[in-house]
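Below is one structure, written out as structure tokens; the observations come after it.
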Amino acid sequence: MKLELFATARTARDPGPAFEFVTDSPQFPRFFPGNLLIPAVEQVEVLDPPQRPGTIRKVRVADGSLVTERVDVFDAPTEHAYSLIDGFRPPSSWLFSGAQARWRLRPERNGTRIDWYYTYHVRNALVYPLAWLVMKLGFQRAMQDCLQRMVRELDS
């Protein structure tokens with residue numbers, strides 16, 4: 001079963017600088033302090049830079065998790081996608097078997113629209129209501145807050 005999440009924001013910057021900013025993985029923890037039951041991202045390490053399809057990133061999370069991400073798409077300045085392939089720990093591992101994320105940047109009049117999608121693979125129908133509640137109320141809000149923080153810095 002899939003659980004889809006979405007956040008969006010608009011920056012006055014052009015897609016090129018906006019893409020470079022949002023894909024600066026080591027800086028990402030500054031913008032994602034977590035929300036409710038969603039722990040903060042503490043560190044993102046890009047193994048074997050520069051980022052490209054197949055690049056592995058290690059994400060240290062405040063709950064003690066060390067999540068492994070694989071970059072699936074790195075198409076500047078329009079699209080960045082990655083899969084969470086390892087490192088979920090309880091309670092997340094009880095709810096999810098994996099996830100994919102996609103960032104899309106589209107030029108708009110006087111700036112760029114940034115869309116961030118997440119698809120979580122929920123383990124079964126029994127845990128889906130709990131997963132929906134936690135992710136829609138916690139993680140999706142954290143995504144939106146993260147994007148707003150990024151845009152504020154981009155536009156300052």
Which heavy atom in [X] sits nearest to a heavy atom in [Y], and how many Å separate them?
{"X": "F96", "Y": "F88", "result": "O-CD1, 4.3 Å"}
{"X": "D155", "Y": "A12", "result": "OD1-N, 3.0 Å"}
{"X": "L105", "Y": "P77", "result": "CB-O, 3.5 Å"}
{"X": "Q140", "Y": "L5", "result": "OE1-CA, 3.2 Å"}

Has the side chain of [X] got a donor or acceptor atom that lies under 3.5 Å from a matching backbone atom of [Y]?
{"X": "T112", "Y": "R13", "answer": "yes"}
{"X": "R89", "Y": "D63", "answer": "yes"}
{"X": "D14", "Y": "G16", "answer": "no"}
{"X": "K136", "Y": "R141", "answer": "no"}

key: Over 12 non-hydrogen atoms of neighbours within 6.0 angstrom of CZ in R102   =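 Enclosed.
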inquiry  = For R10 and I114: C-alpha separation, side-chain torsions, deciding distance, then whether side chain to side chain contact (heavy atoms under 4.5 Å, CB included) applies.
reply    = CA-CA 6 Å; R10 190 180 174 292; I114 304 168; over 6 Å; no
inquiry  = The test is side chain to side chain contact (heavy atoms under 4.5 Å, CB included); show your working for D72 and R70 and say whether it passes.
reply    = CA-CA 6 Å; D72 299 321; R70 180 191 61 239; 2.9 Å; yes
task = Classify the angle between the aromatic ring planes of Y118 and Y120 as parallel (below 30°), tilted (30 to 60°) or perpendicular (above 60°).
result =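 Parallel, since the angle between the ring planes stays under 30°.
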Steps toward side chain to side chain contact (heavy atoms under 4.5 Å, CB included) verdict (K2, H121) = CA-CA 5 Å; K2 293 182 180 179; H121 302 280; 4.0 Å; yes
request  = Scan residues 30-51 for pairs that pass side chain to side chain donor-acceptor pair (under 3.5 Å), counting only residues two or more places apart or in two chains.
outcome  =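 As it turns out, the side chain to side chain donor-acceptor pair (under 3.5 Å) pairs with a partner in residues 30-51, which skip direct neighbours, are S25-Q51, Q27-R30, R30-E153, D48-R52, Q51-R57.
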message = F74 and ring pair (Phe, Tyr, Trp, His ring centres under 6.0 Å): which single residue from Y82, W103, F19 fits?
response =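 When Y82, W103, F19 are each tested with F74, the ring pair (Phe, Tyr, Trp, His ring centres under 6.0 Å) holds only for F19.
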inquiry  = So if I apply the side chain to side chain contact (heavy atoms under 4.5 Å, CB included) rule between C146 and each of M150, Q144, Q148, which one comes out positive?
reply    =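 With C146 as partner, side chain to side chain contact (heavy atoms under 4.5 Å, CB included) holds for just one option, M150.
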